[in-house]
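Below you'll find the structure, written out as structure tokens, and then a few comments.
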Number of protein chains: 2
Amino acid sequence: MSALNSRVSVYQSVDSVAGKAAGGHDTLEFTGILKTYARGQEVFGQGERADYVYKVVRGAVRCFKTLSDGRRQICDFALPGDVFGLELGGDYGVSAEAVADCAIVAARRSTVLENSADPVAAAKAMVRLAMTDLERSRDHILTLGRRGAAERVVVFLLELNDRLDGGDTVELPMSRQDMADYLGLTIETVSRTLTHLEAEGLIALKCCRSIKLCDPRGLRRHCD
Amino acid sequence: MSALNSRVSVYQSVDSVAGKAAGGHDTLEFTGILKTYARGQEVFGQGERADYVYKVVRGAVRCFKTLSDGRRQICDFALPGDVFGLELGGDYGVSAEAVADCAIVAARRSTVLENSADPVAAAKAMVRLAMTDLERSRDHILTLGRRGAAERVVVFLLELNDRLDGGDTVELPMSRQDMADYLGLTIETVSRTLTHLEAEGLIALKCCRSIKLCDPRGLRRHCD
DNA sequence: CTCTGGCCTTGATCTGGGTCAACTTGGCGG
DNA sequence: CCGCCAAGTTGACCCAGATCAAGGCCAGAG
């Protein structure tokens, strides 16, 4: 459970972590320590002091909330290039775990925010990150509140395809359980739905973690 | 449908719209025009240019997304003191309508953001607003993804009671339909659930828009 | 006063997705 | 190569909440 292979080294990243709309402005200087996390390893837990901000270099992370009886809801997946662990101030509102083996940069909050060379640009980049997350959350809310199982799965595949950008094939970094916990379904329903979509010729399950989107137009029609 | 009673006047508001955690810093100077909106009137529509930011003075606003077949999901209610219409840049990602008769301040985005006397404080206040919304959205996602009907209604009542702060009684500004569209349920289920909660002695329906929380502790136990 | 139209409640029935259980598949260590 | 175990699939059945339908309860108009 605890830090197994936490090989660490200093890492300098000055990538743009701004949204696609940015024309190069408002980038967040992201300097920190590169760590690796094994599949299933915790990055941080809900309620801990939010002293660090993270950025995925390789792999994928799930950010989730848990009810006292164990029910889990994944709020978001952080994919390569994504920042996570951004908080209002105090504590993390979610827990974060590696979905697959990961390389992640951990930067002190204060370094990224206060000690920045250009505080206005840093704050603007923060706003951009928060608003991007917020818009994705809203779509997630729409999906969970008003879409049926098939629509949820289709929306998920299309979104992942968009974010991973691997042509017409989605290489899922997560298990069926993770998909289910993101989509508010059960593993059985996710599995069945994928089988149905394949039977309809909309997708092809090359293997259970590799899905080809055969008919993107048809899929999009499936969920407006 | 269009602007019926859009009595307008200049309005100077320098309220703190920062979160509760703020010790007085990072306030957003919010200067704009005070407008009134009739119940049901649209404030802005999804896809329109997001040139204005809004702040509720009186009444309540629903921010929602709609699917092409008419299914509606309310993402958030904006209550007195809340800012809404904050966007990444381009267009509004949701539509906004008055749930009840409202008084709302509309401020130009540029006035609030760029032309601010203290751009760093403004940007920080923006981050605070976005993060607050984001955290509420995450809770909403948890509710929609993993809670049953009774838990949803209870969580909703507790949250509203917290935000409105009217002692132990919640004066609902919205209809059953709005509640249902926020909670991912139907009006019938919301109505039945309230009746059940009353039968259990957890709440009292003084009238259909006025609900007394008789046993806050019991309610909280209902949904962890 | 009655009429009308929202809004809300209540009951009967239906169904999408959950639950339970068996089985298959695939990756990995020995 | 086999055996093992986690992950995924498939089937049978069940139930929470949706749907369909009938009234009830105001508030405002006439």
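All figures in this text were calculated on a predicted structure; none of them were measured in a lab.
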Give the rounded distance in Å between these two atoms: [atom1] of [X] and [atom2] of [N].
X	N	atom1	atom2	result
A:His196	C:dG17	NE2	P	11 Å
B:Leu185	C:dG16	CG	P	18 Å
A:Met179	D:dA7	CE	C1'	13 Å
A:Arg146	C:dG16	CZ	C1'	15 Å

Salt bridge present between A:Glu171 and A:Lys206 (N-O < 4.0 angstrom): no
Is any side-chain N of the basic residue among A:Asp178 and A:Arg62 closer than 4.0 Å to the acidic one's carboxylate O?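 Salt bridge flag = yes for A:Arg62 with A:Asp178.
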Would you mind reporting whether [Y] and [X] have side-chain heavy atoms less than 4.5 Å apart?
X	Y	result
A:Asp51	A:Arg109	no
A:Glu48	A:Glu42	yes
B:Ser175	B:Arg209	yes
A:Val99	A:Val61	no
B:Cys102	B:Thr36	no

What are the atom names and distances for every N/O pair under 3.5 Å that joins the protein to nucleotides 24-29 of chain C?
none

Using a strict heavy-atom distance below 4.0 Å, which residues from residues 65-75 of chain A are in contact with DNA chain C?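 None - not one residue of the stretch has a heavy atom sitting under 4.0 Å from the strand.
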Show which side-chain atoms of residues 87-95 of chain A pair as donor or acceptor with protein atoms under 3.5 Å away, not counting sequence neighbours.
{"unit_1": "A:Glu87", "atom_1": "OE2", "unit_2": "A:Gly93", "atom_2": "N", "d": "3.2"}
{"unit_1": "A:Glu87", "atom_1": "OE2", "unit_2": "B:Arg138", "atom_2": "NH1", "d": "3.1"}
{"unit_1": "A:Tyr92", "atom_1": "OH", "unit_2": "A:Tyr52", "atom_2": "N", "d": "3.3"}
{"unit_1": "A:Tyr92", "atom_1": "OH", "unit_2": "A:Tyr52", "atom_2": "O", "d": "2.6"}
{"unit_1": "A:Ser95", "atom_1": "OG", "unit_2": "A:Gln46", "atom_2": "N", "d": "2.9"}

So B:Asp76 and B:Arg163, salt bridge (Lys or Arg N to Asp or Glu O under 4.0 Å) or not? Walk me through it. CA-CA 12 Å; B:Asp76 205 5; B:Arg163 291 174 65 187; 3.7 Å; yes
Which protein N or O atoms sit under 3.5 Å from an N or O of nucleotides 23-27 of chain D?
none

Would you list the atom pairs, donor with acceptor, under 3.5 Å between side chains in residues 143-158 of chain A and any protein atom, with sequence neighbours excluded?
{"unit_1": "A:Thr143", "atom_1": "OG1", "unit_2": "A:Asp139", "atom_2": "O", "d": "3.1"}
{"unit_1": "A:Thr143", "atom_1": "OG1", "unit_2": "A:Arg147", "atom_2": "NE", "d": "3.3"}
{"unit_1": "A:Arg146", "atom_1": "NE", "unit_2": "B:Arg72", "atom_2": "O", "d": "2.9"}
{"unit_1": "A:Arg146", "atom_1": "NH1", "unit_2": "B:Leu185", "atom_2": "O", "d": "3.3"}
{"unit_1": "A:Arg146", "atom_1": "NH2", "unit_2": "B:Ala180", "atom_2": "O", "d": "3.0"}
{"unit_1": "A:Arg146", "atom_1": "NH2", "unit_2": "B:Asp181", "atom_2": "OD1", "d": "2.9"}
{"unit_1": "A:Arg146", "atom_1": "NH2", "unit_2": "B:Leu185", "atom_2": "O", "d": "2.8"}
{"unit_1": "A:Arg147", "atom_1": "NH1", "unit_2": "A:Cys223", "atom_2": "O", "d": "2.8"}
{"unit_1": "A:Glu151", "atom_1": "OE1", "unit_2": "A:Gly148", "atom_2": "N", "d": "2.8"}
{"unit_1": "A:Glu151", "atom_1": "OE1", "unit_2": "B:Arg71", "atom_2": "NH1", "d": "3.0"}
{"unit_1": "A:Glu151", "atom_1": "OE2", "unit_2": "B:Arg71", "atom_2": "NH1", "d": "3.4"}
{"unit_1": "A:Glu151", "atom_1": "OE2", "unit_2": "B:Arg71", "atom_2": "NH2", "d": "2.7"}
{"unit_1": "A:Arg152", "atom_1": "NE", "unit_2": "A:Arg147", "atom_2": "O", "d": "2.9"}
{"unit_1": "A:Arg152", "atom_1": "NH1", "unit_2": "A:Leu183", "atom_2": "O", "d": "2.8"}
{"unit_1": "A:Arg152", "atom_1": "NH2", "unit_2": "A:Leu144", "atom_2": "O", "d": "3.1"}
{"unit_1": "A:Arg152", "atom_1": "NH2", "unit_2": "A:Arg147", "atom_2": "O", "d": "3.2"}

As a test of understanding, state which of B:Val53, B:Leu28, B:Leu134 forms a side chain to side chain contact (heavy atoms under 4.5 Å, CB included) with B:Leu129.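 Single pass found, and it is B:Leu28.
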Could you list all N or O pairs between the protein and nucleotides 7-10 of chain C that sit under 3.5 Å apart?
{"unit_1": "C:dC7", "atom_1": "OP1", "unit_2": "B:Arg39", "atom_2": "NH1", "d": "3.3"}
{"unit_1": "C:dC8", "atom_1": "OP1", "unit_2": "B:Arg209", "atom_2": "NE", "d": "2.9"}
{"unit_1": "C:dC8", "atom_1": "OP1", "unit_2": "B:Arg209", "atom_2": "NH2", "d": "3.4"}
{"unit_1": "C:dC8", "atom_1": "OP2", "unit_2": "B:Arg176", "atom_2": "N", "d": "3.0"}
{"unit_1": "C:dT9", "atom_1": "OP1", "unit_2": "B:Arg176", "atom_2": "NH2", "d": "3.2"}
{"unit_1": "C:dT9", "atom_1": "OP2", "unit_2": "B:Arg176", "atom_2": "NE", "d": "2.7"}
{"unit_1": "C:dT9", "atom_1": "OP2", "unit_2": "B:Ser191", "atom_2": "OG", "d": "2.7"}
{"unit_1": "C:dT9", "atom_1": "O5'", "unit_2": "B:Ser191", "atom_2": "OG", "d": "3.0"}
{"unit_1": "C:dT10", "atom_1": "OP2", "unit_2": "B:Thr195", "atom_2": "OG1", "d": "2.7"}

To the nearest 0.5 Å, what is the distance between CZ (B:Phe64) and CD (B:Glu97)?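 Going from the CZ atom of B:Phe64 to the CD atom of B:Glu97 covers 3.5 Å.
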A:Thr186 side chain: which of D:dA18, C:dT19, C:dG17 is closest?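 Nearest listed nucleotide: C:dT19.
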Is the gap between the ring centers of B:Phe44 and B:Tyr54 under 6.0 Å? yes
